[in-house]
2 protein chains.
Amino acid sequence: MTRLNRDDIVSGAGRRFATHGYLGTSMRDLGDDLGIHGSSLYSHVGGKQELLVAVVERGAAFFEQAAADALEMYSAPRERMRGLISGHIDVLVEHRPEARTYLTEVDFLGDGERRRVNGMRDRYEDAFRATIADGVSQNVFRSDCDPRLAAIYVLSILNALDRWYDEEGRLTRDEVAEDIYQFVISGLS
Amino acid sequence: MTRLNRDDIVSGAGRRFATHGYLGTSMRDLGDDLGIHGSSLYSHVGGKQELLVAVVERGAAFFEQAAADALEMYSAPRERMRGLISGHIDVLVEHRPEARTYLTEVDFLGDGERRRVNGMRDRYEDAFRATIADGVSQNVFRSDCDPRLAAIYVLSILNALDRWYDEEGRLTRDEVAEDIYQFVISGLS
DNA sequence: CCTACCGATCGGTAGG
DNA sequence: CCTACCGATCGGTAGG
């Protein structure tokens, strides 16, 4: 039982925020999870709001990195889409607390920070939109599909995963990725 | 300025819960919205929890009714799917506060009520799943698609609408419905 | 529907 | 990292 550092506390906050929500988490709850008094958290962090910022930023960074990797690794639209889908699922499974907090608690950020995070989300969405637009102009996707809307649909499917997908369940990560890929590719073709 | 009744208060609660969340709404906030003191609400309702139950139940009932209408009105799988999609969008647009609260605040219900509501949600999902399964057995949809997963995908797209669709924006209700229908039908074909 | 109020809990601070 | 504490706010009640 060694002393906690800031990272431990941000991780703990991520777990609590993901399961109980930002408003549903008190500093005392968080302290209990970590085995210290709620008030002791203030030796490590400035406050509850600062913890939310840290957790959400971690989540946003994971998704940003996943998109960058997919775009670098593949260039054909279909492969890129497959890579984006897999990457998204990987982030969701491997960093669930941060991913979920990022997806559901953005509204509780301050104005400036929320705008920043929404900007990151828009850039992430752009990776999907651009991939679809490429596919359209290369005639591998339907020409009558609106890339902006299609990107929203794909991300809607992916983001909803954290409400039902259980890695210990029937489907492996690859199986869901493949199934979603097939659905999406057919939808675009 | 006449006196409020219980329905007014449930409606007001729906609006607040939808925009600020259940935990982010105090009885005083709600009273302010309605022009009375927070404590006066207790002459009309038993408490905050009871309001959440009432709002969520309204939302669930709207979706249930929409599904029943679509199933009664159409029988061919593709038409049924189209009807289910339109119906869902109608509920989202016409009863946004209740729909959104139903979709996002279920976790704050008590155990019994939450199970009841999740049961209603499962039955609603069944309408989509059964429609897809029918389509598969009638060879109008791909035979390699899992109706259970496909239903989740369609509902993911539909439920996400309330985070971005604006009826005052570029797209009419019918245009989104048509676009989603095309995407989904292609994904299933 | 209002006034006046209760006990509990909240985010956060002082001082060690 | 703990103890002791603060002012604010919460859901809810009593009495009218």
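In the region residues 38-47 of chain A, proximity to DNA chain C at under 4.0 angstrom, judged on heavy atoms, holds for A/Ser39, A/Tyr42, A/Gly47. If you check residues 15-26 of chain B against DNA chain D, the residues with a heavy atom closer than 4.0 Å are B/Thr25, B/Ser26, listed by number.
Between A/Glu64 and A/Arg121, none of the side-chain N atoms (NZ, or NE/NH1/NH2) sits under 4.0 Å from a carboxylate O, so this pair counts as no salt bridge. Between A/Glu50 and A/Arg6 there is a salt bridge, since a side-chain N of the basic residue sits under 4.0 Å from a carboxylate O of the acidic one. One finds no salt bridge joining A/Arg123 and A/Asp126 here, because no Lys/Arg side-chain nitrogen approaches an Asp/Glu carboxylate oxygen to under 4.0 Å. Taking 4.0 Å as the cut-off between side-chain N and carboxylate O, A/Glu105 and A/Arg114 do not count as a salt-bridged pair.
Distances shorter than 4.0 Å separate none of the side-chain N or O atoms of B/His37 from OP1 or OP2 on C/dC1.
Residues forming a side chain to side chain donor-acceptor pair (under 3.5 Å) with B/Arg148 (at least two apart in sequence, or on another chain): none. Listed by chain and residue number, A/Arg116 satisfy the side chain to side chain donor-acceptor pair (under 3.5 Å) test with A/Glu57 (two or more places apart in sequence, or in another chain). A search for side chain to side chain donor-acceptor pair (under 3.5 Å) contacts involving A/Asp29 returns A/Ser26, not counting sequence neighbours.
B/His88 pairs with exactly one of B/Tyr124, B/Phe62, B/Tyr165, B/Tyr102 by the ring pair (Phe, Tyr, Trp, His ring centres under 6.0 Å) rule, that one being B/Tyr124.
A rotation axis mapping the C1' atoms of four pairs onto the next four is fitted at both ends of the helix from C/dC1-D/dG16 to C/dG16-D/dC1 over five pairs, and the angle between these axes is 0° to 10 degrees.
Checking B/Asp107 against B/Tyr22 by side-chain atom types alone, no donor-acceptor pair falls below 3.5 Å.
In this structure, B/Leu4 and B/Arg28 both approach DNA chain C, and ranking their closest nucleotides by distance from the 5' end singles out B/Leu4.
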